[in-house]
Amino acid sequence: MSKFTESVVSEIKRDYIQKLLSQGSRIDGRSQNDFRKIEVIKNFIPRADGSALVKLGNTQVLVGVKIETGEPFPDTPNTGVLSTNAELVPLASPTFEAGPPGEEAIELARVVDRGIRESKAIDLERLVIKEGELVWIVFVDIHVLDYDGNLFDASALGSIIALKNSTVPASRFGQGEDFPLPIRHYPATTTFAKIGDKIVLDPNLDEENIAHSRLTITTDENGKINAIQKGLEGTFTKDEILNTIKVSIESGKYLRNTFILGDDSK
Amino acid sequence: MGGINKDIKLIDENGKRIDGRSFNELRPIKIEAGVLERADGSAYIEWGNNKIIAAVYGPREVYPKHMQDPSRAVLRARYNMAAFSVDERKKPGPDRRSIELSLVISNALSSVVLLEQFPRTAIDVFIEVLQADAGTRIAGLTAASVALADAGIPMKDLIVGCAAGKVDNTVVLDLNKEEDNYGQADLPVAIIPRTKEIVLFQMDGDMTFDEVEMGLNMAIDAALKVYELQKDALRRKYINLAQEDEQQ
Amino acid sequence: MEKIREIVLPGEEIDLMGNKPGNGIYIENGKAYVEYLGVKTVKSGYLNIIPLSGRYQPQKGDKVIGKVVDIMPSNWVVDINAPYLAPLHVNDTPWKVDFGDTGKYLNVGDTIIAKIMSVNEVKQVWLTMKEPGLRKLEGGHVITVSPTKVPRIIGKDGSMIKILKDMTNSKIYVGQNGIIWIDGSIDSILKVVGAIRLIEREAHIIGLTDRVKDFLSKNKKENDENGRN
């Protein structure tokens, strides 16, 4: 199948998913606010300064963190730098193409970046070597390996787990002893798809293909909301948004307690 | 090759290399077939500290259509390194090195795939280096060949390889990262295991004729050992499917 | 009784055991070698390799399920899970279609049962719907399995598919290309999908029929491994 044929949605499948949802069921047997099975392998890439392989159902994302020295931005001379990038390599899906990051990859990277940045997950002020001159630059690289829907949650989860397990390689740069990357907050990201008038958590690819609108919400361990992204062409009502945020706070707790802070990752 | 570095001793007085191997010993290798859901075929290889994943899509229709070959399939391999795969973060996207490696890997695989069976199509092979530790092109090619078989693509044989090289004036097998960085020569070789024909052969560094001959022999012998691991990975994945329940 | 058939791999030399070389075998210097991953089988004096993976290879006469992906003035383009897209010409349908009116009969995203009318030497495929039973499918659900699993899902003389239909009171059509259409109540569709996934996973384990029956008699859904919160 080519990109072209792959992107044609089967009308039978669309009707079936909608019919199921109207009866409260989903195509893979989940309830409305269930995640697929999640598996995390920490430190999958020892050569990186931190890494995590996340399997969310059949979606697989590998996140690697690299930390290097560099100049701070002129307007923030006393903080380190966070740089988040995503590659949707064609290995991961018949619909991905080789080449520079397209708008989907850039949106993914920016939404993940916003969750980490706005929750102040990394204590960037402790990443200054010489104010205004030399700081630590934290590169978060998201490498998608298998695309079966909801890259946002898999990538965001992999990113915070990789960061939490990252070491600043100070000795490699002649800057003293290595130290753990200082992490202050634990943002959790949850994505919802609206299909008809139903809103489901963690859409799989079939659901994503027929979704009208999408909502990605990042919350921290204090129940604060740090980032929101409404995606696709469709709409939400105000009540839908507010309800979904409530669900997101609860679902975020599950991700945080089980995988980010908990020991349910290898 | 970095050339001889007097400060770094790569082979000790007992003939052991810095990772404890003897001159003709392979690094540990692990291969797994069928690791991805979306691809038509896939394989994962760990070769020393290399971690590489390969996927195959196709045969599928070629877009844009002017890329079609009316007489056979076009095999396009793409070798890509993850940003975090090397010590110093690599800027994402192709560079001159990865474009060249994609070409020599495409050529090597095209020598065995029965392309004429699928005119006008493309067989796309994607190799993602997740962690690099010297010898990535051969490890990637070895995984790609397993992924092609996993995708059910007709081919005359698998492709398998190994590199030899020269460190501390000694010809050794399968250079690791330090040996690659500080050694004197690198000699990657890939073969068709049945006929032992050579389908990929490159060299850079400084070797005598006799050293090249010795390296080539060592690399071919080692490749045949890796070939057994490729076959084992494919059999492991498909053994369940081959069993027949006579009651049915 | 369980019999493990030997897996053969590309490039392996194969003993023809007095048979002629069939599918998946090439001859070089008088010796026979395997072309693709599969298992050996002998049929009417030919040794063939049955593939265990790969895309659907269209064969004349196969009935397949396909998805319409493009519309032309006098034909449709159908994705049948093969290396090539397959055109369906207006003359090979039960309808009388005026030039340019193709979209009135089948639209992009529609699913059809069609027959492979011809495959030429450069593998171009043409479909036909001119035969009873070939039609546009409506309602129900479609799933995809590896075409190599189709015989398991149908079972010997259709025994497995009969169990699936009878125990769930649903309509099932298995295309030779691995696309399966299931129609019935939501509950029965979920059960059939679950049973097909079980057959895919466990076809090699003794007592498959009993386990499928057992599965269908319980109220289980396809996936019970999801994370809860």
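A, B, ... follow the sequence lines: proteins, then strands. Residue 1 opens every chain.
Around CD of B:Glu25, the count of heavy atoms belonging to other residues, nucleotides or ligands within 6.0 Å exceeds 12.
Residues A:Arg47 and B:Ser85 are not in side-chain contact: their nearest non-hydrogen atoms beyond the backbone lie 4.5 Å or more apart. Contact check for A:His143 versus B:Asn80: side-chain heavy atoms found under the 4.5 Å cut-off.
The shortest non-hydrogen separation linking A:Val63 to B:Phe84 is C-CE2, 4.3 Å. The minimum heavy-atom distance between B:Arg78 and A:Gly99, with the atom names listed, is NH2-N, 4.5 Å. Heavy atoms only, all atoms of each residue included: A:Ala92 and B:Tyr57 are closest at C-OH, 3.4 Å.
In terms of heavy-atom pairs under 4.5 Å with chain B, the best-connected choice from A:Ser51, A:Ala98, A:Pro46 is A:Pro46. Your options are B:Asn49, B:Asp133, B:Asp124, and the one with the most heavy-atom pairs under 4.5 Å with chain A is B:Asp133. Contact tally against chain A (heavy-atom pairs below 4.5 Å) for B:Gly93, B:Ala82, B:Ala39: the top residue is B:Ala82. In terms of heavy-atom pairs under 4.5 Å with chain B, the best-connected choice from A:Ala48, A:Ser93, A:Pro100, A:Pro101 is A:Ser93.
In this structure, B:Arg89 pairs ionically with A:Asp141, as a charged nitrogen and a carboxylate oxygen lie closer than 4.0 Å.
With a 4.5 angstrom heavy-atom cutoff, B:Ala132 touches chain A only via backbone atoms. With a threshold of 4.5 angstrom between heavy atoms, B:Val35 approaches chain A through N, CA, C or O but not through any side-chain atom. When heavy atoms are compared at a cutoff of 4.5 Å, B:Lys90 does not approach chain A at all. Contacts of A:Pro90 with chain B are made by both backbone and side-chain atoms, with heavy-atom separations under 4.5 Å. Using a 4.5 Å cut-off between heavy atoms, B:Val86 contacts chain A through its backbone alone, with no side-chain atom that close. Using a 4.5 Å cut-off between heavy atoms, A:Pro169 makes no contact with chain B at all. With a 4.5 angstrom heavy-atom cutoff, B:Asp87 touches chain A via backbone and side-chain atoms both. Residue A:Ile67: no heavy atom, backbone or side chain, is found under 4.5 Å from chain B.
Under a 3.5 Å cut-off, the side chain of A:Asp148 and the backbone N or O of B:Arg38 do not form any donor-acceptor pair.
Atoms CD and CD1, from A:Gln60 and B:Ile53 in turn, are 6.5 Å apart once rounded to the nearest 0.5 Å. Of the inter-residue distances, the one linking B:Gln131 atom CD with A:Ile45 atom CD1 reads 5.0 Å to the nearest 0.5 angstrom.
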